[in-house]
Amino acid sequence: LACAMLFPATALAAPQLTLEFVGPQPQEYLPGQSTTLSLRLRNGSGTGVEAASSVGVALTLPAQVSATAWACTPSAGATCGTASAGHGGYAGGSIPVNGSLTFSVPLSFTSGASGDKLVSFSASATGATAGNLEHTFARIPVTDLAVKVTPLAIAAPVGACPGDTATYTPGCAAQYSVEVENKGPDSAPNARLSLARSEGGALTWTCAAAAGAACPAASGTAALAGVQIATFPIDGKLTYTVTVNHGSGDTGNRGIEAAIALPTSPANWLDSDTGNNTRSATRTRNAAANLAVAVIPASSGTPGTPCHVDTGTYVPGCVAAYTVEVTNAGPDAAAGARLSLARSEAATAAFAWICTASGGAQCPAASGQAALSAVAIGTFPKDGKLSYAVTVTHGSGELYPNAGTAADVEAPTGSGARVDIDHDDNEADASRNIARRAALSVVKHAMHNGVTVSQVPANIAFDYEITVHNAGPSDVGNAGTD
């Protein structure tokens, strides 16, 4: 008899490979930057598992992504093998039962990388494979927002206001250019712009857009605080021309500041260079004053007399009066301001004045008998005032069609120099029309043998003496009798 014995079938032993990521992996990438993935290839344990030989791990990369040298860490007697050319993986390794190889894979993204990036790993050994391991990187929105602030010289400053870029003058305007730019690589819709005076206060601005950007508004009269730029493509640019009207009380250094910030959504936006997100420009203060002069005709003489002079005429042979007021409205003192005061028709004689000071100012002299030419006012504080009572004694023979008084005040120069912020009121004059007046009289006497007689006998020859008299005050010409 033949006997047969039956034995259960035995499975062939083989490696049992598992490819997995080690811990949390980066989920996003930045163009132009690098990151690292960590993964582990394990061989199983237990019945039917044998050591893995000819172990290899391969990497598949999308465009715009590259790998550098991997780091391999074996455990439990495993061996890494040899790194593949081009950093695409490892080959020729081994993993005993319950052993593993751990890899750190550095990845670099080009500066122009766009869209999501899928990275795939595969692993194999003699008689075994592991399923593909994939990881997707989402691209972080990134751009380079920049702002620049440049002081401008006003092309046509008002009055005597300076037009330079380094200083400001109380009572004058100062201008700035603020350029806001998106250097990319992504558009930045709803980027936030802030623009204000560094010390606070009012300003005005106009906006011009270029390269597809859109101004939030064409102009405005207030500071901007986190205003959204709705359309801000790559290379888009906004140029703000900002005007600051400085008050007469402004002190210290003054200027403006600007800042550009990323949109608030999505939250993972990145600005690749935050060092150019804020800029400011500062100016130093000029000493300034607002000097002014006024010439006011005044009546003189006793009403009803020939030398009563009103404010619109002058009478040759009579006195004409004027009040000349010289003021400093500030904001600063103007010691050394120069005053000129004279007859407007260039006559130099018969000119007198008395000076009265107020508001802390001091007269150069209390009185005088001659015109003033660029006479320095030694003490002239803000709100200081000089009042000159001027009298002009017109000669009886003066025949100027118009006559009056002129005055001029100029800001100090040299070490005490001041900017006079309004030149329109630095000169003044008052003119009067001529109004000649004369009291003429005629006297006739009968004369006989050179003697005045009141009666003349009949048939006696006699003469008349006729006297014409001008009691003034003005000379007359071409007078006649009939």
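Using a cutoff of 4.0 Å between basic side-chain nitrogens and carboxylate oxygens, Glu181 and Lys237 are not scored as salt-bridged. Salt-bridge check for Asp250 with Arg197: passed, with a basic side-chain N closer than 4.0 Å to an acidic carboxylate O. In summary, Arg279 and Glu257 do not engage in a salt bridge, as defined by a charged side-chain N under 4.0 Å from a carboxylate O. For Glu28 and Arg139, the salt-bridge test fails: no basic side-chain N is under 4.0 Å from an acidic carboxylate O. Using a 4.0 Å cut-off between a side-chain N of Lys or Arg and a carboxylate O of Asp or Glu, Lys183 and Asp271 do not qualify as a salt bridge.
A donor-acceptor contact closer than 3.5 angstrom is absent between the side chains of His246 and Arg283. Side-chain atoms of Asn402 and Glu345 form no donor-acceptor pair, as typed in the model, at a separation below 3.5 Å. There is a side-chain donor-acceptor pair under 3.5 Å between Ser34 and Ser108. For the 3.5 Å distance criterion, the side chains of Ser299 and Thr311 fail to qualify, holding no donor opposite an acceptor. Between Thr243 and Gln175, the side chains place a donor N or O and an acceptor N or O closer than 3.5 Å (distance only, hydrogens not considered).
Checked against Val242 for a side-chain contact (heavy atoms from CB on, under 4.5 Å), the options Leu152, Leu203, Val149 give a single hit: Leu203.
Val105 has its side chain within reach of Phe121: a pair of non-hydrogen atoms, C-beta onward, lies under 4.5 Å apart. At least one side-chain heavy atom of Val119 sits under 4.5 Å from a side-chain heavy atom of Leu61.
A distance of 6.0 Å separates CH2 in Trp205 from OG in Ser219, rounded to the nearest 0.5 Å. Atom-to-atom distance recorded for Asn253:CG and Tyr168:OH is 7.0 Å, nearest 0.5 angstrom. If you take CD1 on Ile421 and CG on Asp332, they are separated by 9.5 Å, rounding to the nearest 0.5 Å. Taken to the nearest 0.5 Å, the CG atom of Asn426 stands 11.5 Å off from the OG atom of Ser340. The CD atom of Glu410 lies 15.5 Å from the CZ atom of Arg418; values are rounded to the nearest 0.5 Å. Atom OG1 of Thr405 sits about 8.0 Å away from atom CZ of Arg343, to the nearest 0.5 Å.
In terms of modelled atom types and a separation under 3.5 Å, the side chain of Asn190 and the main chain of Gln228 share no donor-acceptor contact. Asn182 contributes a side-chain N or O that, together with a main-chain N or O of Gly184, makes up a donor-acceptor pair within less than 3.5 Å. Between the side chain of Trp353 and the backbone N or O of Ala370, at least one donor-acceptor pair lies under 3.5 Å. Within the 3.5 Å criterion, the main-chain N or O of Gly32 finds no donor-acceptor partner in the side chain of Ser111.
Aromatic rings from Tyr322 and Tyr388 are positioned such that their centres are separated by 6.0 Å or more.
At least one test fails for Arg432 against the ring of Tyr400: distance under 6.0 Å to the centre or angle within 45° of the axis.
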- Apply side-chain contact (heavy atoms from CB on, under 4.5 Å) to the pair Tyr29 and Lys117, showing each step before the final yes or no. CA-CA 9 Å; Tyr29 77 90; Lys117 298 299 181 184; 3.7 Å; yes
